[in-house]
Amino acid sequence: MTNKIPLNTIKISEKACEKVKEFAKNQSKEKFGLKVAVRAGGCSGLEYILEIVDGPDDNDKVISQNGLEIFIPKKAYVFLAGTYLDFSDGLNGKGFEFINPNAKSSCGCGDSFSV
Amino acid sequence: MLSHHVVVETLSQFKMLFLENSIKTYKLPSIFIEPDQEIFRMTGKDAISFLDRISTNKIITFADITSSKTIIANNKGSILDVLKYKILDSENLIFTFNSNNNETINHLNNYIILDDVEIIFENKLSKISYFSKTENISKEFINHSYISNLDKSEDLFRYELFIEPKNLTKIINLKPLNILSKSEKNFLEIFMKLFEYKSTLSKINPLETGLKNFISFDKGCYVGQEVIARLHNYKKVSREIIYFKSNEMYKINDSFKNKNGISGKILSIENNNNYYIGLCLIKKKDINNLNENYIFI
(Lines give C-alpha, C1' and ligand atoms only; values in the text may rest on other atoms or scores of the structure.)
Protein backbone atom coordinates (compact mmCIF):
# COMPACT_ATOMS: atom_id res chain seq x y z
CA MET A 1 0.00 0.00 0.00
CA THR A 2 2.72 2.47 0.94
CA ASN A 3 4.31 2.19 -2.50
CA LYS A 4 1.14 3.31 -4.25
CA ILE A 5 0.60 6.66 -2.56
CA PRO A 6 0.57 9.41 -5.20
CA LEU A 7 2.94 12.31 -4.65
CA ASN A 8 0.10 14.84 -4.56
CA THR A 9 -1.07 13.61 -1.18
CA ILE A 10 -0.08 11.87 2.03
CA LYS A 11 -1.96 8.96 3.55
CA ILE A 12 -2.72 8.17 7.14
CA SER A 13 -3.73 4.71 8.33
CA GLU A 14 -7.02 4.11 10.10
CA LYS A 15 -5.16 3.16 13.26
CA ALA A 16 -3.16 6.42 13.20
CA CYS A 17 -6.39 8.35 12.67
CA GLU A 18 -8.03 6.65 15.63
CA LYS A 19 -5.03 7.44 17.79
CA VAL A 20 -5.09 11.12 16.81
CA LYS A 21 -8.80 11.28 17.62
CA GLU A 22 -8.13 9.61 20.97
CA PHE A 23 -5.43 12.17 21.82
CA ALA A 24 -7.75 15.02 20.76
CA LYS A 25 -10.53 13.62 22.94
CA ASN A 26 -8.14 13.47 25.90
CA GLN A 27 -7.45 17.14 25.27
CA SER A 28 -11.23 17.80 25.20
CA LYS A 29 -11.01 19.17 21.66
CA GLU A 30 -14.18 19.09 19.60
CA LYS A 31 -12.93 20.71 16.39
CA PHE A 32 -9.41 19.76 15.53
CA GLY A 33 -7.04 18.57 12.84
CA LEU A 34 -3.59 17.05 12.66
CA LYS A 35 -0.71 19.31 11.69
CA VAL A 36 2.04 17.33 9.96
CA ALA A 37 5.25 19.23 9.24
CA VAL A 38 9.03 19.05 9.16
CA ARG A 39 11.69 21.35 10.54
CA ALA A 40 15.45 21.37 10.94
CA GLY A 41 16.64 19.01 13.62
CA GLY A 42 16.94 15.41 14.69
CA CYS A 43 20.01 13.32 14.03
CA SER A 44 19.47 13.26 10.29
CA GLY A 45 18.71 16.92 9.64
CA LEU A 46 14.93 17.11 9.26
CA GLU A 47 12.56 16.09 12.03
CA TYR A 48 8.85 15.40 11.81
CA ILE A 49 6.33 17.47 13.72
CA LEU A 50 2.92 16.11 14.68
CA GLU A 51 0.55 18.41 16.50
CA ILE A 52 -3.17 18.47 17.21
CA VAL A 53 -4.40 21.95 16.28
CA ASP A 54 -7.73 23.76 16.07
CA GLY A 55 -7.57 24.51 12.36
CA PRO A 56 -5.32 25.14 9.38
CA ASP A 57 -3.02 28.12 8.92
CA ASP A 58 -3.28 30.22 5.76
CA ASN A 59 -0.50 28.41 3.94
CA ASP A 60 -1.54 24.88 4.87
CA LYS A 61 -2.59 22.22 2.39
CA VAL A 62 -5.66 20.45 3.82
CA ILE A 63 -6.28 16.75 3.24
CA SER A 64 -9.25 14.80 4.65
CA GLN A 65 -8.94 11.11 5.39
CA ASN A 66 -10.89 8.69 7.56
CA GLY A 67 -12.82 11.59 9.05
CA LEU A 68 -9.65 13.45 10.02
CA GLU A 69 -8.37 16.70 8.57
CA ILE A 70 -4.63 16.87 8.02
CA PHE A 71 -2.90 20.24 7.69
CA ILE A 72 0.47 20.40 5.96
CA PRO A 73 2.37 23.69 5.59
CA LYS A 74 3.13 24.17 1.90
CA LYS A 75 6.85 24.70 2.60
CA ALA A 76 7.00 21.33 4.35
CA TYR A 77 4.92 19.53 1.76
CA VAL A 78 7.83 19.05 -0.63
CA PHE A 79 9.47 16.86 2.04
CA LEU A 80 6.30 14.90 2.82
CA ALA A 81 4.66 14.23 -0.55
CA GLY A 82 3.76 10.56 -0.84
CA THR A 83 4.27 9.84 2.86
CA TYR A 84 2.32 7.13 4.68
CA LEU A 85 1.68 7.75 8.37
CA ASP A 86 0.98 4.68 10.44
CA PHE A 87 0.71 3.87 14.13
CA SER A 88 1.88 0.75 15.89
CA ASP A 89 1.42 0.16 19.60
CA GLY A 90 2.26 -2.59 22.04
CA LEU A 91 5.63 -3.32 23.63
CA ASN A 92 7.41 -3.43 20.29
CA GLY A 93 5.39 -0.62 18.72
CA LYS A 94 7.06 2.49 17.38
CA GLY A 95 4.11 4.83 17.93
CA PHE A 96 3.54 7.09 14.95
CA GLU A 97 5.69 5.95 12.06
CA PHE A 98 6.45 7.86 8.86
CA ILE A 99 7.13 5.95 5.69
CA ASN A 100 8.47 8.75 3.55
CA PRO A 101 9.61 8.09 -0.03
CA ASN A 102 11.57 11.38 -0.02
CA ALA A 103 13.82 10.22 2.82
CA LYS A 104 17.24 9.04 1.63
CA SER A 105 18.20 8.04 5.16
CA SER A 106 16.66 8.08 8.61
CA CYS A 107 18.02 8.08 12.12
CA GLY A 108 17.73 4.97 14.28
CA CYS A 109 14.59 6.09 16.08
CA GLY A 110 12.89 7.18 12.84
CA ASP A 111 12.05 10.66 14.10
CA SER A 112 14.26 12.41 11.58
CA PHE A 113 15.44 11.96 8.03
CA SER A 114 17.57 13.46 5.30
CA VAL A 115 16.70 14.08 1.67
CA MET B 1 52.64 6.78 -7.05
CA LEU B 2 55.47 8.48 -5.17
CA SER B 3 56.24 7.30 -1.72
CA HIS B 4 57.67 9.54 0.96
CA HIS B 5 59.18 8.73 4.25
CA VAL B 6 57.51 10.86 6.87
CA VAL B 7 59.29 11.15 10.15
CA VAL B 8 56.78 11.39 12.92
CA GLU B 9 58.46 12.23 16.18
CA THR B 10 57.08 11.13 19.48
CA LEU B 11 54.92 13.62 21.26
CA SER B 12 57.19 14.50 24.15
CA GLN B 13 60.36 14.78 22.06
CA PHE B 14 58.67 16.96 19.51
CA LYS B 15 57.01 19.14 22.08
CA MET B 16 60.36 19.86 23.72
CA LEU B 17 61.99 20.52 20.40
CA PHE B 18 59.22 22.85 19.44
CA LEU B 19 59.40 24.68 22.76
CA GLU B 20 63.13 25.19 22.50
CA ASN B 21 63.21 26.25 18.89
CA SER B 22 60.13 28.35 18.59
CA ILE B 23 57.92 29.27 21.48
CA LYS B 24 60.62 30.39 23.88
CA THR B 25 61.84 32.91 21.34
CA TYR B 26 58.44 34.58 21.09
CA LYS B 27 57.65 37.57 23.17
CA LEU B 28 54.27 36.91 24.76
CA PRO B 29 51.62 38.17 24.99
CA SER B 30 51.49 38.76 21.25
CA ILE B 31 48.74 39.21 18.74
CA PHE B 32 48.02 38.36 15.15
CA ILE B 33 45.50 40.47 13.24
CA GLU B 34 43.33 39.27 10.38
CA PRO B 35 41.09 41.90 8.79
CA ASP B 36 37.70 41.51 7.16
CA GLN B 37 36.23 38.65 9.13
CA GLU B 38 32.56 38.41 8.29
CA ILE B 39 30.07 38.38 11.14
CA PHE B 40 26.47 37.29 10.60
CA ARG B 41 23.32 37.71 12.65
CA MET B 42 20.78 34.96 13.18
CA THR B 43 17.52 36.64 14.04
CA GLY B 44 13.91 35.60 14.68
CA LYS B 45 11.89 34.01 17.44
CA ASP B 46 13.24 30.55 16.55
CA ALA B 47 16.89 31.62 16.13
CA ILE B 48 18.21 30.10 19.37
CA SER B 49 16.17 26.91 19.02
CA PHE B 50 17.18 26.56 15.36
CA LEU B 51 20.92 26.70 16.05
CA ASP B 52 20.41 24.35 19.01
CA ARG B 53 18.76 21.77 16.74
CA ILE B 54 21.34 21.83 13.98
CA SER B 55 24.60 22.10 15.93
CA THR B 56 26.40 20.28 18.71
CA ASN B 57 26.53 22.75 21.60
CA LYS B 58 23.66 23.55 23.93
CA ILE B 59 22.52 26.94 22.66
CA ILE B 60 20.69 28.59 25.50
CA THR B 61 20.21 32.13 26.63
CA PHE B 62 22.40 32.82 29.62
CA ALA B 63 21.74 35.64 32.01
CA ASP B 64 25.43 36.46 31.71
CA ILE B 65 25.91 36.36 27.97
CA THR B 66 29.08 34.69 26.82
CA SER B 67 30.60 33.58 23.54
CA SER B 68 31.17 29.98 22.68
CA LYS B 69 31.62 27.62 19.76
CA THR B 70 29.34 25.09 18.19
CA ILE B 71 29.90 22.58 15.44
CA ILE B 72 27.81 22.18 12.33
CA ALA B 73 28.00 18.51 11.38
CA ASN B 74 26.40 16.45 8.67
CA ASN B 75 24.16 13.50 9.49
CA LYS B 76 27.24 11.22 9.52
CA GLY B 77 28.70 13.29 12.35
CA SER B 78 31.48 14.84 10.24
CA ILE B 79 32.38 18.49 10.76
CA LEU B 80 31.06 20.88 8.13
CA ASP B 81 32.10 24.01 9.97
CA VAL B 82 32.80 25.45 13.41
CA LEU B 83 30.74 28.46 14.42
CA LYS B 84 31.85 30.99 17.00
CA TYR B 85 28.75 32.66 18.36
CA LYS B 86 27.39 35.00 20.97
CA ILE B 87 23.76 35.16 22.05
CA LEU B 88 22.53 38.74 22.26
CA ASP B 89 18.98 38.14 23.43
CA SER B 90 16.15 35.60 23.07
CA GLU B 91 15.79 36.33 19.34
CA ASN B 92 19.27 37.31 18.20
CA LEU B 93 22.72 35.84 18.06
CA ILE B 94 25.80 36.75 16.08
CA PHE B 95 28.28 34.29 14.68
CA THR B 96 31.31 33.85 12.53
CA PHE B 97 32.70 30.62 11.18
CA ASN B 98 36.04 29.01 10.52
CA SER B 99 35.81 28.14 6.87
CA ASN B 100 34.82 31.66 5.76
CA ASN B 101 32.93 29.88 3.02
CA ASN B 102 29.49 30.85 1.74
CA GLU B 103 28.58 27.18 1.58
CA THR B 104 28.05 27.26 5.33
CA ILE B 105 25.50 30.07 5.03
CA ASN B 106 23.79 28.20 2.19
CA HIS B 107 23.77 25.04 4.30
CA LEU B 108 22.13 26.87 7.21
CA ASN B 109 19.60 28.55 4.91
CA ASN B 110 18.63 25.19 3.42
CA TYR B 111 17.47 24.07 6.84
CA ILE B 112 15.19 27.06 7.37
CA ILE B 113 11.80 25.64 6.41
CA LEU B 114 9.14 26.69 8.88
CA ASP B 115 11.32 28.32 11.51
CA ASP B 116 11.13 32.05 12.06
CA VAL B 117 14.82 32.62 11.40
CA GLU B 118 16.74 34.90 9.10
CA ILE B 119 20.50 35.00 8.56
CA ILE B 120 21.86 38.39 7.64
CA PHE B 121 25.32 39.82 7.14
CA GLU B 122 26.17 41.99 10.13
CA ASN B 123 29.64 43.46 9.84
CA LYS B 124 33.27 42.96 8.89
CA LEU B 125 35.57 42.92 11.89
CA SER B 126 39.20 42.35 12.68
CA LYS B 127 39.98 38.97 14.15
CA ILE B 128 42.65 39.11 16.85
CA SER B 129 44.46 35.98 17.93
CA TYR B 130 45.91 36.88 21.33
CA PHE B 131 48.50 34.44 22.67
CA SER B 132 49.68 34.55 26.24
CA LYS B 133 51.31 32.41 28.87
CA THR B 134 48.56 33.34 31.32
CA GLU B 135 44.81 33.67 31.10
CA ASN B 136 45.01 37.36 31.95
CA ILE B 137 44.04 39.79 29.23
CA SER B 138 43.31 43.49 29.19
CA LYS B 139 39.61 44.19 29.82
CA GLU B 140 39.71 46.59 26.88
CA PHE B 141 40.01 43.63 24.54
CA ILE B 142 37.09 41.74 26.03
CA ASN B 143 34.86 44.78 26.40
CA HIS B 144 35.30 45.75 22.75
CA SER B 145 34.86 42.26 21.34
CA TYR B 146 31.69 41.25 19.57
CA ILE B 147 32.71 37.61 20.04
CA SER B 148 35.54 36.29 22.22
CA ASN B 149 36.69 32.73 22.79
CA LEU B 150 39.46 31.30 24.93
CA ASP B 151 41.40 28.14 24.09
CA LYS B 152 43.84 26.64 26.56
CA SER B 153 46.68 24.21 26.28
CA GLU B 154 49.09 23.03 28.90
CA ASP B 155 51.44 25.95 28.40
CA LEU B 156 49.59 28.59 26.43
CA PHE B 157 46.34 30.50 26.14
CA ARG B 158 44.76 31.84 22.97
CA TYR B 159 41.94 34.33 22.82
CA GLU B 160 40.11 34.85 19.56
CA LEU B 161 38.55 38.28 19.57
CA PHE B 162 36.41 39.95 16.94
CA ILE B 163 36.75 43.72 17.21
CA GLU B 164 35.89 46.75 15.10
CA PRO B 165 39.09 48.04 13.45
CA LYS B 166 38.75 51.54 14.94
CA ASN B 167 38.50 50.10 18.46
CA LEU B 168 41.44 47.81 17.85
CA THR B 169 43.62 50.79 16.97
CA LYS B 170 42.56 52.48 20.22
CA ILE B 171 43.36 49.42 22.31
CA ILE B 172 46.75 48.86 20.74
CA ASN B 173 47.62 52.52 21.18
CA LEU B 174 46.85 52.22 24.89
CA LYS B 175 49.21 49.31 25.36
CA PRO B 176 51.42 48.33 22.41
CA LEU B 177 51.73 44.61 21.83
CA ASN B 178 54.08 42.45 19.87
CA ILE B 179 52.62 41.55 16.46
CA LEU B 180 53.13 38.00 15.25
CA SER B 181 53.78 36.97 11.67
CA LYS B 182 51.40 34.51 10.04
CA SER B 183 54.01 31.81 10.36
CA GLU B 184 54.59 32.50 14.08
CA LYS B 185 50.85 32.42 14.69
CA ASN B 186 50.59 29.09 12.90
CA PHE B 187 53.43 27.64 15.01
CA LEU B 188 51.73 28.70 18.21
CA GLU B 189 48.48 27.11 17.09
CA ILE B 190 50.24 23.92 16.09
CA PHE B 191 51.87 23.83 19.48
CA MET B 192 48.48 24.26 21.14
CA LYS B 193 47.04 21.55 18.87
CA LEU B 194 44.61 24.04 17.39
CA PHE B 195 43.78 24.18 13.72
CA GLU B 196 41.39 26.24 11.69
CA TYR B 197 38.74 24.08 10.16
CA LYS B 198 39.01 24.50 6.36
CA SER B 199 36.31 23.51 3.92
CA THR B 200 38.90 21.32 2.18
CA LEU B 201 38.96 19.06 5.24
CA SER B 202 36.48 16.23 5.15
CA LYS B 203 35.23 13.27 7.18
CA ILE B 204 36.49 14.47 10.54
CA ASN B 205 34.51 13.81 13.67
CA PRO B 206 34.59 16.62 16.28
CA LEU B 207 35.53 14.14 19.02
CA GLU B 208 38.81 13.48 17.20
CA THR B 209 39.87 17.09 17.14
CA GLY B 210 39.66 18.43 20.67
CA LEU B 211 36.19 19.92 20.25
CA LYS B 212 34.50 17.76 22.89
CA ASN B 213 33.86 20.78 25.11
CA PHE B 214 31.55 22.17 22.44
CA ILE B 215 29.35 19.10 22.25
CA SER B 216 26.35 18.65 24.53
CA PHE B 217 25.74 15.04 25.51
CA ASP B 218 22.48 15.72 27.30
CA LYS B 219 20.48 18.08 25.11
CA GLY B 220 18.99 15.41 22.84
CA CYS B 221 19.01 15.26 19.07
CA TYR B 222 20.91 17.56 16.73
CA VAL B 223 22.18 16.90 13.25
CA GLY B 224 24.91 14.27 13.52
CA GLN B 225 24.11 13.39 17.14
CA GLU B 226 23.44 9.72 16.51
CA VAL B 227 26.99 9.08 15.28
CA ILE B 228 28.78 11.50 17.60
CA ALA B 229 27.01 10.21 20.73
CA ARG B 230 27.61 6.59 19.78
CA LEU B 231 31.34 7.14 19.24
CA HIS B 232 31.52 8.91 22.58
CA ASN B 233 29.44 6.45 24.61
CA TYR B 234 31.07 3.32 23.21
CA LYS B 235 34.53 4.93 23.32
CA LYS B 236 35.01 4.26 19.63
CA VAL B 237 36.84 7.45 18.68
CA SER B 238 39.55 5.92 16.54
CA ARG B 239 41.85 8.84 15.69
CA GLU B 240 43.59 11.65 17.52
CA ILE B 241 45.71 14.68 16.74
CA ILE B 242 49.49 14.44 16.92
CA TYR B 243 52.37 16.60 15.76
CA PHE B 244 54.26 15.55 12.70
CA LYS B 245 57.49 16.58 11.07
CA SER B 246 58.26 16.11 7.42
CA ASN B 247 60.86 17.15 4.89
CA GLU B 248 58.20 17.75 2.25
CA MET B 249 55.25 20.07 1.94
CA TYR B 250 51.82 18.49 1.96
CA LYS B 251 48.39 19.95 1.51
CA ILE B 252 45.71 20.08 4.15
CA ASN B 253 43.50 16.97 3.94
CA ASP B 254 46.26 14.92 2.25
CA SER B 255 45.97 11.34 3.44
CA PHE B 256 48.79 8.98 4.31
CA LYS B 257 48.84 5.25 4.75
CA ASN B 258 51.02 2.55 6.22
CA LYS B 259 51.09 -1.16 5.48
CA ASN B 260 47.68 -1.58 7.14
CA GLY B 261 45.92 1.03 5.00
CA ILE B 262 44.99 4.68 5.42
CA SER B 263 46.26 5.90 8.74
CA GLY B 264 45.61 9.61 8.85
CA LYS B 265 45.40 13.02 7.23
CA ILE B 266 47.05 16.43 7.45
CA LEU B 267 45.20 19.12 9.43
CA SER B 268 47.77 21.91 9.33
CA ILE B 269 51.33 22.41 8.16
CA GLU B 270 53.95 25.15 8.42
CA ASN B 271 57.45 25.60 7.06
CA ASN B 272 60.20 25.75 9.68
CA ASN B 273 63.40 26.49 7.71
CA ASN B 274 64.43 23.16 6.20
CA TYR B 275 61.51 21.03 7.32
CA TYR B 276 57.77 21.18 7.86
CA ILE B 277 55.82 20.69 11.01
CA GLY B 278 52.12 20.45 11.61
CA LEU B 279 49.20 18.56 13.00
CA CYS B 280 47.79 15.38 11.62
CA LEU B 281 44.97 13.10 12.54
CA ILE B 282 46.16 9.55 12.97
CA LYS B 283 44.59 6.24 13.97
CA LYS B 284 45.21 5.61 17.66
CA LYS B 285 46.42 2.10 16.96
CA ASP B 286 49.25 3.57 14.84
CA ILE B 287 50.50 5.97 17.49
CA ASN B 288 52.86 3.38 18.93
CA ASN B 289 54.39 2.76 15.50
CA LEU B 290 55.20 6.30 14.56
CA ASN B 291 58.61 5.67 13.08
CA GLU B 292 57.46 3.36 10.34
CA ASN B 293 57.10 4.39 6.72
CA TYR B 294 54.06 6.39 5.77
CA ILE B 295 53.09 6.87 2.17
CA PHE B 296 51.16 9.93 1.04
CA ILE B 297 48.38 9.28 -1.40
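Here is how names work: the chains are called A, B, and so on, in the same order as the sequence lines, proteins then strands, and each is numbered from 1.
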May I ask you to test the Val78(A)-Ile113(B) pair for a side-chain heavy-atom distance under 4.5 Å?
no
Hey, what do you get for NZ (Lys76(B)) to SG (Cys43(A)), rounding to the nearest 0.5 Å?
12.5 Å
Pairwise distance CD(Glu47(A)) to CD1(Ile54(B)) - rounded to 0.5 angstrom:
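Answer rounded to 0.5 Å: 11.5 Å.
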Arg39(A) side chain to Leu114(B) backbone, donor-acceptor under 3.5 Å
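Not confirmed, Arg39(A) side chain does not pair with Leu114(B) backbone.
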Should we say atom [atom1] of [X] is surrounded by more than 12 heavy atoms from elsewhere, each under 6.0 Å from it?
X: Tyr234(B); atom1: OH; result: no
X: Glu14(A); atom1: CD; result: no
X: Lys29(A); atom1: NZ; result: yes
X: Lys236(B); atom1: NZ; result: no
X: Glu30(A); atom1: CD; result: no

For Gly42(A) versus Cys221(B), what's the shortest heavy-atom pair and its separation?
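Of all heavy-atom pairs spanning Gly42(A) and Cys221(B), the closest is CA-CB, 3.7 Å.
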Any idea which heavy atoms bring Phe50(B) and Ala40(A) closest together, and the distance?
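Minimum heavy-atom contact is CE1-CB, 3.7 Å.
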Is it true that Asn75(B) and Ser44(A) share a donor-acceptor pair across their side chains at a distance under 3.5 Å?
no
Ser112(A), part contacting chain B, at a heavy-atom distance under 4.5 Å
neither
